[in-house]
There are 2 protein chains.
Amino acid sequence: MIERPLLVNVVLFRLADETLQVLLASPVQAWELPGSELGSQEGLEHAAERAIAALLDRPKTYLEQLFTYGAENQAPVCVVYFAIIPAEAGLVPGKPVRWTPVWQAPSLAHEHAEILAYALRRLRYKLEYTAVGFQLLPAEFTLSELQHTYEIILDEKLDKRNFRRRMLQSGIIEVTSHLRTGEGRPARLYRYRPDAVAEVKARRLFP
Amino acid sequence: MIERPLLVNVVLFRLADETLQVLLASPVQAWELPGSELGSQEGLEHAAERAIAALLDRPKTYLEQLFTYGAENQAPVCVVYFAIIPAEAGLVPGKPVRWTPVWQAPSLAHEHAEILAYALRRLRYKLEYTAVGFQLLPAEFTLSELQHTYEIILDEKLDKRNFRRRMLQSGIIEVTSHLRTGEGRPARLYRYRPDAVAEVKARRLFP
DNA sequence: GAAATAGTGTCTGTTAGACAATATTTC
DNA sequence: GAAATATTGTCTAACAGACACTATTTC
């Protein structure tokens, strides 16, 4: 049976410093997405997690397969995953990697620019129609923080009243008894309800 | 560099005899999804098309990558595509394959039952939010035929007036000057407008 | 004229989107 | 009390969903 080299690449996102960031690697010279070879008996997801564990000191909070690239004459077939990383995760020392705001990514090797653009599109879709947004935040958060997250990723300003109304009506979050105090009036903290089915009930374009 | 065997499987759908059908193969004994090995220099999509051409005398009208399966200890990694096949396509003689209504598929080898279920779900999603539906019909069709297609795949009955209103409002189809005559009043024929962007503008669950 | 299929319009309830004032805290 | 942030409600336009009758053809 014919065999082919197989690579697993990961697009790692995090939210930090008021921006959406992606982890880029520069093992030789050009920048590219981190990845690792698939072991001869290894599962795909396992390889993705191994690639992440090699770079970061915290596990990912969300992992999803994106797409598999394998053009003609292109030696390795690449299975691409994307993952969301807690902002608190630290880099393993000595690795040639860097968190970069996605809007300022340098040009990338291979097809990686295209892959990053696709991953970003998918993240936005997910954000709008499912509950991935919560993966980017700590366990408890204020509605303002949540809205801020959405605004950063969607790169658009949202109306505060409408945001709150829909977010609460969806039943996907619940109030806690805690408050976050700071400047100005303290804010109620909310918590994601993993039990609430985040079913995407969108309007059909075609009936 | 480590190498792995790579398989490309295809889930082929067509609409015939008032049902949605899938092409199943039985090369040895159990039923499974057709597929083929990926050549050493071959692109993934090319392998999928080669697998289709080996079984059918017409090209597919739609091809999309579904997912890549590669569990631990599972020898070949499988990249799965799904495709839509014109009802007029004929089988290449001598191949152990059979069109089967999806609702009556026998139990399948490997993970293929799961894969088929996923492909079907994806087809339904696509149908509701994009314009794949037209791939299942001839170039010109009546609104009744179109509605019928939707009802078969979604497995639910739709309201005629609402269906027509939305389908026409979407601007994705246009009238031709032709009529289809048969029993009862002749029906206007419509045509899909590939130029009309089938953008999925659905309601956001989260603002 | 009976049978078969195509084609059409209205009403209602829900929801998205626009919009501004008040409440609670710190300094 | 000034500054900062949190919280709350209303109105309108658009749309989904329910619903029944008329029109045109063949036999």
Side-chain angles (χ1 to χ4, degrees), chain A residues 18 124-125 127-129 133 137-138 140-152 154-191 198-207, chain B residues 18 124-125 127-129 133 137-138 140-152 154-191 198-207:
Chain A
E18 307 277 291
R124 285 180 165 183
Y125 261 76
L127 191 72
E128 297 186 55
Y129 304 118
L137 289 171
E140 298 194 341
F141 47 83
T142 69
L143 282 178
S144 295
E145 290 167 345
L146 185 61
Q147 180 175 348
H148 201 190
T149 302
Y150 275 76
E151 289 178 338
I152 288 171
L154 299 179
D155 197 25
E156 100 188 75
K157 203 144 171 44
L158 302 172
D159 180 85
K160 202 199 292 193
R161 284 159 294 187
N162 294 337
F163 182 88
R164 295 165 99 90
R165 179 185 355 128
R166 292 176 62 173
M167 202 51 83
L168 291 170
Q169 268 182 5
S170 76
I172 202 83
I173 58 177
E174 63 188 4
V175 222
T176 68
S177 55
H178 307 154
L179 294 176
R180 169 155 311 159
T181 175
E183 277 189 291
R185 175 174 171 176
R188 303 182 93 83
L189 286 169
Y190 290 80
R191 175 197 310 138
E199 249 328 299
V200 183
K201 201 60 184 173
R203 182 186 101 213
R204 293 180 185 176
L205 176 54
F206 301 107
Chain B
E18 306 279 289
R124 286 180 164 184
Y125 261 77
L127 190 72
E128 297 186 55
Y129 304 118
L137 288 171
E140 299 194 340
F141 47 83
T142 69
L143 282 178
S144 295
E145 290 167 346
L146 185 60
Q147 180 175 347
H148 202 190
T149 302
Y150 275 76
E151 289 178 338
I152 288 171
L154 299 178
D155 197 26
E156 102 189 70
K157 204 147 169 40
L158 303 171
D159 180 85
K160 202 201 291 192
R161 283 160 292 188
N162 294 339
F163 183 88
R164 295 165 98 90
R165 180 185 355 127
R166 292 176 62 175
M167 202 51 82
L168 291 170
Q169 269 182 3
S170 76
I172 202 83
I173 59 177
E174 62 188 6
V175 222
T176 68
S177 55
H178 306 153
L179 294 177
R180 169 156 309 158
T181 175
E183 277 188 291
R185 173 174 172 178
R188 303 181 92 83
L189 285 169
Y190 291 80
R191 175 198 310 137
E199 250 326 300
V200 184
K201 201 59 184 173
R203 185 186 98 214
R204 293 179 185 177
L205 176 55
F206 302 106

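Note that the structure is predicted; figures quoted are calculated from it, not measured. Protein chains get the first letters and strands the later ones, always in sequence-line order, with residue 1 at the start of each.
Spacing between atom CZ of A:Arg188 and atom P of C:dA23 amounts to 16 Å, rounded to whole angstrom units. C:dG7 atom C1' lies 15 Å from atom CG of B:Leu146, rounded to whole Å. When the C1' atom of C:dT15 is taken as reference, atom CZ of A:Arg164 falls 20 Å away, rounded to whole Å. Atom CD of B:Glu145 and atom C1' of C:dA6 are 12 Å apart (whole Å). The separation between A:Gln147 atom CD and D:dT5 atom C1' is 13 Å, rounded to whole Å. Taking atom CZ of B:Arg180 as the reference point, atom C1' of C:dT5 lies 13 Å away to the nearest angstrom. Between the CG atom of B:Leu179 and the P atom of C:dT5 there is a distance of 17 Å, given to the nearest Å. The distance between atom CG of B:Leu189 and atom P of C:dA6, rounded to the nearest whole Å, is 11 Å.
With sequence neighbours left out, A:Asp159 forms a salt bridge (Lys or Arg N to Asp or Glu O under 4.0 Å) with A:Arg161. Under the salt bridge (Lys or Arg N to Asp or Glu O under 4.0 Å) criterion, B:Arg165 pairs with no residue, sequence neighbours left out. Residues forming a side-chain hydrogen bond (donor to acceptor under 3.5 Å, both in side chains) with B:Glu18 (at least two apart in sequence, or on another chain): B:His148.
Screening residues 178-187 of chain A for salt bridge (Lys or Arg N to Asp or Glu O under 4.0 Å), with sequence neighbours left out, gives A:Glu145-A:Arg180. Residue pairs meeting the salt bridge (Lys or Arg N to Asp or Glu O under 4.0 Å) criterion with at least one partner in residues 168-178 of chain A, sequence neighbours excluded, are A:Glu174-A:Arg191, A:Glu174-A:Arg193.
Between B:Glu183 and A:Ala187, the residue anchored nearer the 5' end of DNA chain D, judged by the nucleotide with its closest heavy atom, is A:Ala187.
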Determine, for nucleotides 17-24 of chain D in 5'-to-3' order, which nucleotides have protein heavy atoms under 4.0 Å from the base (write B), from only the sugar-phosphate (write S), or from neither (write -).
-> BBBB--BB
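A:Thr181 comes within contact range of no nucleotide atom at all, as no heavy-atom separation falls under 4.0 Å.
You'll find the side chain of B:Tyr150 reaches within 4.5 Å of the side chain of B:Met167, heavy atoms only.
Note on B:Ser144: every side-chain N or O is 4.0 Å or more away from OP1 and OP2 of C:dT5.
Among B:Leu137, B:Thr142, B:Leu168, the one residue that satisfies the side chain to side chain contact (heavy atoms under 4.5 Å, CB included) test with B:Tyr190 is B:Leu168.
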